[in-house]
Peer 1: 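Below: one structure in C-alpha cells.
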Amino acid sequence: MKIAVIGGGVAGVSLAIQLADFYDVTIFEKNDRILKKLLVTGNGQCNFSNEKIDHTNFHGDDEFINKFFSEIDIRSGEKFLSFLGIEKKADKRGRIYPSSMQASSVVDAFFLKIEESNVELKLSTEVEDLKVKNNKFIINNDYSNPFNYCILAPGSMSYPQLGTDGKSYKLAENLGHKKTKLYPGVTAFKASIPFIRELKGTRVECSVFYYLNSEKIDKIGDIIFTEDGISGNAIFEISSNVIRNNIKSVYLDFMPDYDDKRMKELLIKRIKTFPNRNTSWLLNGIIHKKIGNVILKVLQIDKNKPLSQICDSEIEMLTNIIKSFEIRDISGGSWKLSQITIGGIDTNYINTNFESKIVKNLFMIGEYLNVDGDCGGYNITFALLSSIKVADFLKEEICKS
C-alpha cells in the first residue's frame, strides 16, 4: 500500500517516519531539502512544546479542537521526539527545547531517522495537481504511479521565503474543501506610534495588554520599537489573538510592578526632592530615556521647565501614559515575518482522525488546517500530534487488511 505525503515539514516527515514500517511512503517536497522551517524555529533553538499545554492553547473550530485533544495523549509529541533521540529541557517560562538549544540537532535527528527508514524523498518537486481516479491519488498527472492514501501537509502562508507560499491550499480546494480567511500570526505589529523615528530600535521589558470583551489580557516580556510598529516576544505572544479578534489598540505599561497610586506617589516624591531640576530629568532612571523624552513630547510638557512648575494635572497625565501607553491602528505584519498562519483548510471538512469527510483516504495535518496554537511551542506540538493521530489510524487500517 502506497502513501503520498505532500510536504516535508514537521508534520509530514513525522508521519512518514511513523508509517515507514507499514507502508511504502513517499514525501514530495518543493524545496531542495526537508524541514527548512524547523531549522529557524524559535530563533534557531526549536521551542517544540510547553510544560503548560491543553486544548485552550489552540484556536480555530473549538468543537474540533476539544474533541481531538480529548482523544490523544497530549505529551505524545514529546515522546516521539524522545524516540528520535532528542533530550528536552524547559526554561523558566515553561517553554520546552532540545537540551542542546539548537534546532539543527532536531533536524539532524529527523534526517538520520529518515535515512534509516524506507521513505522515498522526492525533493525539488512541487505538487501542482492532485486528482482522484478509481479511488487512487494521482500526483502531477503521473498516472503510472498512483497512491492508495494521500496526506496533505504542505504548510501555510508564513515564511514564503522558505517555500510555504499558500499555493498548496488549491490542492484541497480543488477536491471540494474550503479554507477560512488567512491572517499572519505570531508576528510583529504595524501600528500608529507617536514619534516612532525617535523610538526605532529601542528595546524594553514591560507589560503589554489589551481588552477583549471587557477582560484585560496582559503579557510581560520584551518589546522592540520598529520603523513602522512594534515587535518582541511579548508582542509575538499576544499577536495572534489580537489579530484574530480585530483588536485595534494595545497598551504598554512601562512600570508593571507599580500600581497607579504608587506610580503617582513616586513622581510626586521626585518633584518634591528635586524641585529645581529640569522636567527632562523626572523620568530619568525610571524608564528608558528615549521613551521618557517621547512621553514629554506627546503630553506637550516643556522638558526645560523646573519640576517645581509641574502641576497636578500633568502628574496625572504622566502617571496614565507610563501605565497605559497606547499603540493604535494595529495591523498584522507581513507574511514574510509571521511565524504561523491564522486560518487554513476548514476543519469542518475532516474528522478527528484528520481524514476528509468528502474524499476517502485523503488526510490533512499540521498548519495546513484552520488550527493555530499560542506562541510557546504549541504549533510544533499540533504538527506532531496530528501526525501521530493519522499514523495510529493508518497502522490500525493496515492491521485490519
Side-chain angles (χ1 to χ4, degrees), residues 5-15 27-49 58-60 95 97-98 102-104 106-107 110-111 123-128 152-172 179-190 224 226 228-229 231-233 235-240 242-244 331-345 364-384 386-387:
V5 178
I6 300 175
V10 172
V13 175
S14 300
L15 179 67
I27 297 175
F28 293 82
E29 169 56 48
K30 69 185 294 186
N31 289 314
D32 58 1
R33 61 177 292 171
I34 57 174
L35 300 167
K36 271 195 168 183
K37 185 175 178 181
L38 183 62
L39 202 57
V40 301
T41 297
N43 291 321
Q45 296 181 326
C46 194
N47 170 205
F48 61 77
S49 189
F58 299 88
H59 312 279
R95 297 175 297 187
Y97 296 84
Q102 291 180 296
S104 59
V106 181
V107 172
F110 272 107
F111 268 110
L123 302 177
S124 302
T125 304
E126 182 173 3
V127 176
E128 298 179 307
L152 288 172
S156 56
M157 287 282 291
S158 301
Y159 286 128
Q161 63 272 33
L162 300 181
T164 51
D165 53 14
K167 291 180 181 178
S168 294
Y169 289 121
K170 284 295 182 185
L171 299 176
K179 70 173 183 290
T180 63
K181 193 168 183 180
L182 307 177
Y183 305 92
V186 186
T187 185
F189 290 144
K190 292 182 179 179
I224 307 166
T226 64
D228 59 1
S231 185
N233 287 333
I235 299 301
F236 293 154
E237 291 196 27
I238 68 167
S239 60
S240 294
V242 167
I243 293 167
R244 185 183 297 108
S331 65
S334 68
W335 287 112
K336 187 175 181 180
L337 298 177
S338 68
Q339 297 179 36
I340 67 163
T341 296
I342 300 170
I345 298 300
M364 290 169 271
I365 58 176
E367 60 182 304
Y368 192 57
L369 298 169
N370 176 33
V371 178
D372 63 278
D374 293 335
C375 181
Y378 299 101
N379 290 285
I380 291 181
T381 290
F382 181 70
L384 292 170
S386 60
S387 77

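It should be emphasised that the depicted structure is a prediction, and the values quoted were computed from it without experimental measurement. Atoms considered below: every heavy atom in the structure, side chains included; atoms not considered: hydrogens, waters and symmetry mates. The first residue in the sequence is number 1, and the count goes up from there.
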Peer 1: Evaluate the side chain to side chain contact (heavy atoms under 4.5 Å, CB included) criterion for residues Arg33 and Phe111: first the C-alpha distance (whole Å), next the side-chain angles of each, then the deciding distance (0.1 Å), finally the verdict.
Peer 2: CA-CA 10 Å; Arg33 61 177 292 171; Phe111 268 110; 3.3 Å; yes
Peer 1: Would you call Ile6 and Ile27 a side-chain contact if the rule is heavy atoms closer than 4.5 Å?
Peer 2: no
Peer 1: Tell me, which pairs form a side-chain hydrogen bond (donor to acceptor under 3.5 Å, both in side chains) where one or both residues lie in residues 364-377, sequence neighbours left out?
Peer 2: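 Residue pairs passing side-chain hydrogen bond (donor to acceptor under 3.5 Å, both in side chains), neighbours aside: Lys37-Glu367, Asn57-Asp374, His59-Asp374, Ser156-Glu367, Arg244-Asp372.
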Peer 1: Measuring from Lys30:NZ to Ser168:OG, what's the distance to the nearest 0.5 Å?
Peer 2: 6.0 Å
Peer 1: Out of curiosity, Leu384 CG to Ile365 CD1, how far, rounded to the nearest 0.5 Å?
Peer 2: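 So the CG of Leu384 and the CD1 of Ile365 are separated by 9.5 Å.
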Peer 1: Side-chain contact, heavy-atom cut-off 4.5 Å: Trp335 with Thr164?
Peer 2: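 Side chain of Trp335 against side chain of Thr164, heavy atoms only: no contact under 4.5 Å found.
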Peer 1: Between Tyr159 and Leu337, does the side chain to side chain contact (heavy atoms under 4.5 Å, CB included) criterion hold? Intermediate values first, please.
Peer 2: CA-CA 7 Å; Tyr159 286 128; Leu337 298 177; over 6 Å; no
Peer 1: Going by an N to O cut-off under 4.0 Å, is there a salt bridge joining Lys336 and Asp165?
Peer 2: no
Peer 1: Looking at every non-hydrogen atom in both residues, tell me the closest pair between Ile342 and Pro184 and how far apart they are.
Peer 2: CD1-O, 3.8 Å
Peer 1: Does one side chain, of Thr187 or Ser239, offer a donor that lies under 3.5 Å from an acceptor on the other?
Peer 2: no
Peer 1: Roughly how far, to the nearest 0.5 Å, is the OG atom of Ser386 from the CG atom of Leu369?
Peer 2: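 Leu369 atom CG to Ser386 atom OG measures 7.0 Å (nearest 0.5 Å).
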Peer 1: State, to 0.1 Å, how close Ile340 and Ser240 come at their nearest heavy-atom pair, and which atoms those are.
Peer 2: CD1-OG, 3.7 Å
Peer 1: What is the minimum heavy-atom distance between Val186 and Cys375, and which atoms define it?
Peer 2: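 Closest approach of Val186 to Cys375: CG1-SG, 4.0 Å.
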Peer 1: If only atom types and distance count, is the side chain of Thr226 paired as donor or acceptor with the main-chain N or O of Ser231 below 3.5 Å?
Peer 2: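 Judged by distance alone, no pair lies under 3.5 Å.
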Peer 1: If I compare all heavy atoms of Leu182 with all of Gly344, which pair ends up nearest, and what's the gap?
Peer 2: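 It is CD2-N, 3.4 Å.
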Peer 1: How many angstroms lie between OH in Tyr97 and CD in Gln45, if you round to the nearest 0.5 Å?
Peer 2: 5.5 Å
Peer 1: Under the 3.5 angstrom rule, does the side chain of Ser14 hit a backbone N or O of Ala11 as a donor-acceptor pair?
Peer 2: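 No, because the side chain of Ser14 does not come within donor-acceptor range (under 3.5 Å) of the backbone of Ala11.
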Peer 1: Where is the tightest heavy-atom contact between Asn47 and Arg95, given as atom of each residue plus distance?
Peer 2: ND2-CB, 3.6 Å
Peer 1: Between Glu128 and Lys167, is a side chain to side chain contact (heavy atoms under 4.5 Å, CB included) present by the stated rule, with each step listed?
Peer 2: CA-CA 8 Å; Glu128 298 179 307; Lys167 291 180 181 178; over 6 Å; no
Peer 1: Please give me the minimum heavy-atom distance between Phe58 and Phe382, naming the atom from each residue.
Peer 2: CE2-CB, 3.8 Å
Peer 1: Would you please test Thr341 and Ser158 for side-chain hydrogen bond (donor to acceptor under 3.5 Å, both in side chains) and show each step?
Peer 2: CA-CA 6 Å; Thr341 296; Ser158 301; 3.0 Å; yes
Peer 1: Assess whether side chain to side chain contact (heavy atoms under 4.5 Å, CB included) is satisfied between Thr41 and Val106, documenting all intermediate values.
Peer 2: CA-CA 11 Å; Thr41 297; Val106 181; over 6 Å; no
Peer 1: Would you check if there is a donor-acceptor pair between the side chains of Glu29 and Asn31 at a distance under 3.5 Å?
Peer 2: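 A pair is found: one side chain offers a donor N or O, the other an acceptor, under 3.5 Å apart.
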Peer 1: Restricting to salt bridge (charged side-chain N to carboxylate O under 4.0 Å, His left out), what partner residues turn up for Lys36, sequence neighbours left out?
Peer 2: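 Lys36 satisfies salt bridge (charged side-chain N to carboxylate O under 4.0 Å, His left out) with Asp32 only.
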Peer 1: Do side-chain atoms of Thr381 reach the backbone of Phe48 as a donor and acceptor pair under 3.5 angstrom?
Peer 2: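 Pair found, side chain donor or acceptor close to backbone of Phe48.
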